[in-house]
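Computed from heavy atoms alone, side chains included, the values below leave out hydrogens, waters and symmetry copies. Naming: A, B, ... by sequence-line order, numbering from 1 per chain. Quick caveat: nothing in here was measured; it's all calculated off a predicted structure.
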Amino acid sequence: MKDRSLRLIIICLLGLLPIAMYVHLMSGQIELSYSSYWKAIFDFNNKDTYQVLIREFRIPRMMMALVAGAGLSLAGMLMQTLFKNPLAGPYVLGINSGASLLIAVSMMTGIQLFQSNFGLIGTALIGAMGAGFLMMFVAQRLKSQISLLLVGLMFGSFTAALVSMIESKAGAESLKSFTMWSMGSLQQVTFEQLPIILTLFILSIASVFLLVKPLNVLVLGEKSASMLGIHIQRTRFLILGITALLAGLITAFCGPIAFVGMAIPNLTRMLFRTSNHAALIWGNVLIGGLFLLGIDSIIQLLEGQLSIPLNAFTSLIGAPFVVFLLMRKIK
Amino acid sequence: MIQFEHIAIGYSDVLLRSAFIELEAGKVYALIGRNGIGKSTLLQSLTGIVPLKEGTIRLLNDSLESLSRLELVKRIAVVESRFEGLEYLKVKDYIALGRTPHTDAFGNLKQQDLAVIHEIAGALGILALMDKFTDQISDGERQLCAVARAFVQETPMIILDEPTAFLDYLNRKKLLTILVELARDQQKCILLSTHDLELCIQEKVPMLLASSGKLSLHEQLTLDEVLNEMSKY
C-alpha cells in the first residue's frame with residue numbers, strides 16, 4: 001500500500017475518534033444535556049447529580065475505553081514483533097496473569113507492596129514485568145511459535161490456581177471486590193486519577209515511537225537485527241518495560257481484558273498491509289481505541305436488558321478471531 | 001581484506017584451526033566442508049557471536065575484537081541461510097533494512113540511501129519486484145533480495161550462509177555468477193558456505209576447505225581432490 005493511502009486511512013480513523021467518543025458518552029441510560037457536560041468539566045458543581053454522573057462516571061469510563069483499547073493493542077503489537085509471533089499478546093503470554101496474581105495478593109491477603117494511592121499500578125506493573133521477563137526467558141529456549149503460546153496458557157492456569165487458593169481464604173468483602181475487578185470494567189477510575197493515567201499512557205506511546213527503528217528491524221528476528229547493529233538486550237528490555245507499563249496500568253484499573261491485545265494488532269496489519277511500525281503504532285492506537293469505545297458503547301446501550309462484563313464481551317469476539325487467525329496463518 | 005592469523009574456532013572444543021590465510025577484495029570464496037565440521041561456527045566467529053579460541057582475525061587491518069558492534073556491521077554484512085519472506089513486508093522495505101547501520105535513530109531513509117538501494121536492485125535485476133510482498137515471490141527471487149539487502153549495507157565484506165540451498169540448479173548458477181560479477185565490480189570480498197562443489201569448480205571459485213580439523217585455502221581444485229580431502233574427516 002502506498003504511503004499516501006496509509007496516511008489517508010490514519011486521517012479517517014482520527015476523524016472517527018471524536019465521533020466514537022461522542023457516541024460512547026451519549027449511549028448511557030440517562031439522557032444528559034450538552035450544557036451539563038460543559039459545566040461538569042469546566043464549571044463543576046458537586047451538588048448537581050447530573051454533573052457528578054458525568055464527571056465521575058461518563059468521562060472516566062469513556063477515557064478508559066480509549067486508553068485500554070489503544071494501550072492493550074499497542075502492547076500486543078510490541079509483543080508480536082518482539083516474539084515474532086502473530087498470536088502473541090499481553091493476555092495470551094500471561095502478562096495480565098502476572099499482574100492479576102499480584103493484585104489478588106494485595107487485594108485479598110492484605111500484603112501490600114506499596115502503600116501509596118497508586119499502589120495498585122505499582123503492584124500490577126511488577127506482576128506484569130515479572131511475567132514478561134519470565135516469558136522472554138522461556139521464549140529463548142523454545143523453537144516453535146505454538147510452544148510459547150502453550151507456555152503462556154500454562155502460566156495462566158498456574159496463576160489462576162494460586163489466585164483461587166487465595167480466594168478460598170479471602171473475606172467476603174475483599175473477595176467481592178476482586179471478583180468485580182476480574183470481570184473487567186472501565187468504571188473503576190475517578191476523574192482525579194485520569195491525569196496520571198493519561199500522562200503514563202501518552203509517555204508510553206511516545207516511547208514506542210522512539211523504538212520504530214529497532215522494531216522495524218526486529219521483524220527479521222533478533223539474530224539478523226543484531227547483525228544490522230541493533231542493540232538486542234537494550235531493545236528487548238525497553239519493549240518489555242513499555243508493554244508491562246501499558247498492560248500493568250490497564251490491568252490495575254480495568255481488570256483483565258482478554259484478546260484485544262492479540263486481535264487488534266493483527267487486524268491493523270491486515271488493514272494497513274505494511275510492516276512499518278511508524279504506521280502500525282498509529283493504527284493500533286486508533287483502531288484499538290475505537291474498538292473498545294464501540295464495544296463499551298454497546299454494553300452501555302444493552303445495560304437495561306442485559307449486563308455483559310467487558311472481559312466476557314471481548315472474549316466472545318476475540319476467541320473466534322484467534323481460531324480464524326490460526327487457520328489462516330499457521331499451516 | 002581479511003586475514004585469519006593462526007586461529008582456532010569452536011565452542012568448548014576446538015573444531016577448526018588455520019595457518020595464515022588471507023581473503024582478497026574482488027573475489028568470491030566458497031567455504032566447503034562436511035556437515036558438522038564447523039563451517040557455521042566459523043561464520044559465527046566472523047560476526048563476533050562465537051569468540052575465537054586462539055589467534056586473530058583482521059578485517060582491513062583491525063582485529064575483530066577491537067571493533068564495536070556498529071563498526072563491525074559497517075564492515076561485514078551477513079545473509080542467513082533461509083529467508084522465508086514475511087507477510088506485509090515489501091521487497092523494497094526489506095532491502096532498505098540493510099541500510100540500518102547508516103540511518104538515523106528513527107531509521108529514516110535519505111536520498112542517498114534510496115539511490116544505493118535503487119542501484120543495487122538494478123544490478124541484481126529485481127527492480128520489478130520492489131513493490132511485491134516478500135512472502136509472495138519465489139525462493140530464487142527472495143534469495144536475490146537477501147543478497148541485495150547485504151549489498152546495500154555497503155560493507156567491504158559479505159558473508160552468506162548457504163545462499164544456494166533451496167534453489168534449483170539454474171537459480172544456483174545464476175546467483176553464483178551474479179555474486180562473482182558483483183564482487184569483482186564492487187571490489188567486495190564475499191564468503192559463502194555451500195555444498196555446491198561442482199558449481200564452484202565450474203565457476204572457478206576459490207575454496208576455503210574445512211576438513212579434518214583444518215582450514216585451508218585452494219585457488220583451484222578438481223572434484224576428486226575436494227572429495228578426497230573431505231573424506232579425511
* Asked: Do you know which of B:V73, B:T47, B:V78 has the most heavy-atom pairs with chain A at a distance under 4.5 angstrom?
  -> B:V73
* **Pairing of A:R269 and B:E87 as salt bridge, 4.0 angstrom limit** => no
* Asked: So with a 6.0 Å cut-off around CZ of A:F209, is the heavy-atom count from everything else above 12?
  -> yes
* Heavy-atom contact with chain A under 4.5 Å, split by part of B:L86 -> side chain
* Partner of A:K213 under side chain to side chain donor-acceptor pair (under 3.5 Å), chosen from B:T103, B:N108, B:T100, B:D104 -> B:T103
* Residue B:K174 excluded, over 12 heavy atoms near NZ under 6.0 Å -> no
* Asked: A:L210 versus chain B, heavy atoms under 4.5 Å apart: side chain, backbone, both or neither?
  -> both
* To do: Let me know if B:E84 has heavy atoms under 4.5 Å from chain A in its side chain, its backbone, both or neither.
  => neither
* Asked: Can you tell me how far CG of A:N276 sits from OH of B:Y88, rounded to the nearest 0.5 angstrom?
  -> 15.5 Å
* Asked: Which pair of heavy atoms, one from B:P101 and one from A:L228, lies closest together, and at what distance?
  -> CG-O, 3.7 Å
* side-chain contact (heavy atoms from CB on, under 4.5 Å) assessment of B:K90 paired with A:S275 -> CA-CA 8 Å; B:K90 276 188 185 165; A:S275 294; over 6 Å; no
* What is the distance from atom CG of A:L220 to atom CD of B:E80, rounded to the nearest 0.5 Å? -> 9.0 Å
* What part of B:R149 is in contact with chain A, defined as an atom under 4.5 angstrom from a non-hydrogen atom: side chain, backbone, both or neither? -> side chain
* Between OG on residue A:S226 and CD1 on residue B:I49, distance to nearest 0.5 Å -> 6.0 Å
* CD1/B:I76 to CE/A:M227 distance, rounded to the nearest 0.5 angstrom? -> 10.0 Å
* To do: Give a yes or no on whether B:H102 atom NE2 has more than 12 heavy-atom contacts from other residues, nucleotides or ligands under 6.0 Å away.
  => yes
